[in-house]
Amino acid sequence: MTRLVVIGGSDAGVEAALAARRVDAHLEIEILLEDRYLNYSICGLPYLVSGEVPGWQRLAHRSSDEIESLGIQVRREHRVTDVDLDSRALEVDSPDGRASIPFDRLVFATGAGPSLPAAIPKDDPATRPIHTIDDGIAMRRYVESRRPHDAAVIGSGYIGVEMADALVRQGVDVTMFGRAPTVLPTFSADSGALVEAELRENGVAVMTGEAVGAVRRNGTRLSITSSTVRNLDVDLAVIATGVRPTAELARQAGLEIGSTGAVVVDREMRTNVSGIFAAGDCVETYHAILERPAYLPLGTTAHKQGRIAGTNAAGGAARFAGSVGTQVVKVFDLAAGRTGLSEAEALAAGFPAATVRVVAPDHKPYYPGSRDLEIAIVGDIETGRFLGAEIVGDWRAGVAKRIDLFAVAAQHGWATRELLDADLSYTPPLGSPWDPVQVAADAWVRSTRPVTV
Ligand SMILES: Cc1cc2nc3c(=O)[nH]c(=O)nc-3n(C[C@H](O)[C@H](O)[C@H](O)COP(=O)(O)OP(=O)(O)OC[C@H]3O[C@@H](n4cnc5c(N)ncnc54)[C@H](O)[C@@H]3O)c2cc1C
């Protein structure tokens, strides 16, 4: 019987195993994971820390029983330490000792790990990244039992801003440090400024353009030093300075590694070694607009790629359509979404790009509760092609649904003009006859008048 082994029991790994089972009912499938948490949502960790999700068990995407009842064998606390391609066997460390596990086909779904700034105290419960379920449980316990008065959040990306929000909800005074000149560096500076204003309005002290040099223990407190700040003392430091692919095992096994440090795969999620696939945060992702690999570690992508890797590993046929970098984040009362390319990214990629920004109400203002959405559209002024968008607005104002519509346009290479033809829903409490997405597209077309539209 053919034996498929999946290394990793999170988003990509479990999707791969489930997809493989759908293709081949008789395949022997085994998932090995180094921790104890099969198929939990690390995306939910900020809400565990904030107390909005009352226990880590609630973060399960699905139960272990559901997975194991499909005849998928799961080995928790099994860390793969070596891959021998000649004998097709994995070296594994587990509480039972070392073992060798054979495979015919293999899926790497080893994810990513936090990219830590250099000087951080090791094994100090008051300073840790927020990446694994264990990180989230430990941070929740720390917040509940020690009731920290103040905290530094180091990193101003989407996880940093989610953590600032979570800690404020727990009554903690938060100072956020970000190396970039604005918060949410994957967004434009204009959108970042709106999010920064929301953080400040909710009491977060935002320090942009500040690289943290060191976090040191100072008696009962931690002392933070950054570019211009000397020794800010806090009770807790959360490290959210980004991730890097967990690809060392793959590198040692002889898999090709790209310039991003992630595993190189084709769009069927095949690596350069026959019968070995990879998916999720450990791989380079095909970017559908740039038409080249990029590193876009997101849960949505990990799920899709895992499914494709598992389908193909089991003998089926599936192909990754590509990502366009769609993401959305909620910060206090705001949501910020982006998809496609920012103007800076588009120009760097050689597109003659221009941005138009509009403000439009989320629904007819005569119906109570209407809220303004700030929308930026980036398009190619020669061809009229839609390249990307950002939306910032109240989190109850349909930011995610609208950024998702833009995402479809970006992924399918629409002209910005085509958004005006989309047959969208409308009722006054929820929208307008011309949806804000279309108001923005119309403004872009009128102001840029691309020759081919
Ligand atoms: C706080 C936080 C919030 C996030 N929020 C969002 C969000 O809102 N939206 C979004 O799209 N994405 C979000 N993400 C990103 C998303 O969670 C990841 O992209 C996704 O989890 C990646 O899944 P993965 O399966 O590739 O890797 P991971 O989830 O990192 O899992 C890796 C797996 O590999 C196992 N493993 C690694 N090495 C070995 C080894 N040597 N032997 C055995 N097992 C091994 C681990 O035990 C684990 O099971 C968030 C991430 C974090 C940390």
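Numbering of ligands and ligand atoms starts at 1, following listing order. Since we're looking at a predicted model, the values are computed, not measured.
The salt bridge (charged side-chain N to carboxylate O under 4.0 Å, His left out) analysis of residues 250-265, with sequence neighbours excluded, yields the pairs E248-R251.
Considering backbone and side-chain N/O of T246, none are found under 3.5 Å from N/O of ligand 1. At a 3.5 angstrom cut-off on N or O pairs, L33 does not count as close to ligand 1. In terms of N/O distances under 3.5 Å, ligand 1 is approached by A12. In terms of polar-atom proximity, G299 is counted as a contact of ligand 1, with an N or O under 3.5 Å from an N or O of the ligand.
Contacts between I159 and ligand 1, counted as non-hydrogen atom pairs separated by less than 4.0 Å, involve the side chain only. Looking at P297 against ligand 1, only its backbone comes within 4.0 Å, counting heavy atoms. Neither the backbone nor the side chain of V329 comes within contact range of ligand 1; no heavy atom lies under 4.0 Å. Contact annotation: for A302 versus ligand 1, heavy atoms closer than 4.0 Å belong to the side chain alone. For S41, no heavy-atom contact with ligand 1 is shorter than 4.0 Å.
For the pair R98 and E91, the salt-bridge criterion is met [side-chain N within less than 4.0 Å of a carboxylate O].
Residue, atom and distance of the protein heavy atom nearest to atom 4 (C) of ligand 1 are C43 CA, 3.4 Å. Regarding atom 33 (C) of ligand 1, its nearest protein heavy-atom neighbour is A109 O, 3.5 Å. Nearest protein heavy-atom contact of atom 29 (O) of ligand 1 is S10 OG, 2.6 Å. Looking at atom 40 (C) of ligand 1, its nearest protein heavy atom turns out to be V80 N, 3.8 Å. Distance from atom 49 (O) of ligand 1 to its nearest protein heavy atom, with residue and atom name: G9 N, 2.9 Å. Looking from atom 15 (C) of ligand 1 to the surrounding protein, the closest heavy atom is Y158 OH, 3.6 Å. From the protein, the heavy atom lying nearest to atom 26 (O) of ligand 1 is D281 N, 2.9 Å.
R140 CZ: more than 12 foreign heavy atoms inside a 6.0 Å radius. Atom CZ of R169 has more than 12 heavy atoms from other residues, nucleotides or ligands within 6.0 Å.
Residues H287 and R292 have side chains not in contact (no heavy-atom distance under 4.5 Å, counting atoms from C-beta outward).
Using a 4.0 Å cut-off to heavy atoms of A112, the atoms of ligand 1 that qualify are 30 (O).
Side-chain contact of E390 with S188: a donor-acceptor pair under 3.5 Å is present, judged by distance alone. Donor-acceptor pairing under 3.5 Å is lacking for the side chains of S94 and E77.
Comparing heavy-atom distances from atom 53 (C) of ligand 1 across L45, I7, I130 singles out I130 as nearest.
Heavy atoms of Q327 stay at 4.0 angstrom or farther from ligand 1.
Partners of T175 by side-chain contact (heavy atoms from CB on, under 4.5 Å), not counting sequence neighbours, listed by chain and number: F177, A205, M207, L232.
For the pair R128 (side chain) and I239 (backbone), a donor-acceptor distance under 3.5 Å is absent. Although no hydrogens or angles enter the test, the distance criterion places a donor-acceptor pair under 3.5 Å between the side chain of R147 and the main chain of Q170.
Taking the six-membered ring for Trp and the full ring otherwise, W395 and F332 have centroids separated by 6.0 Å or more.
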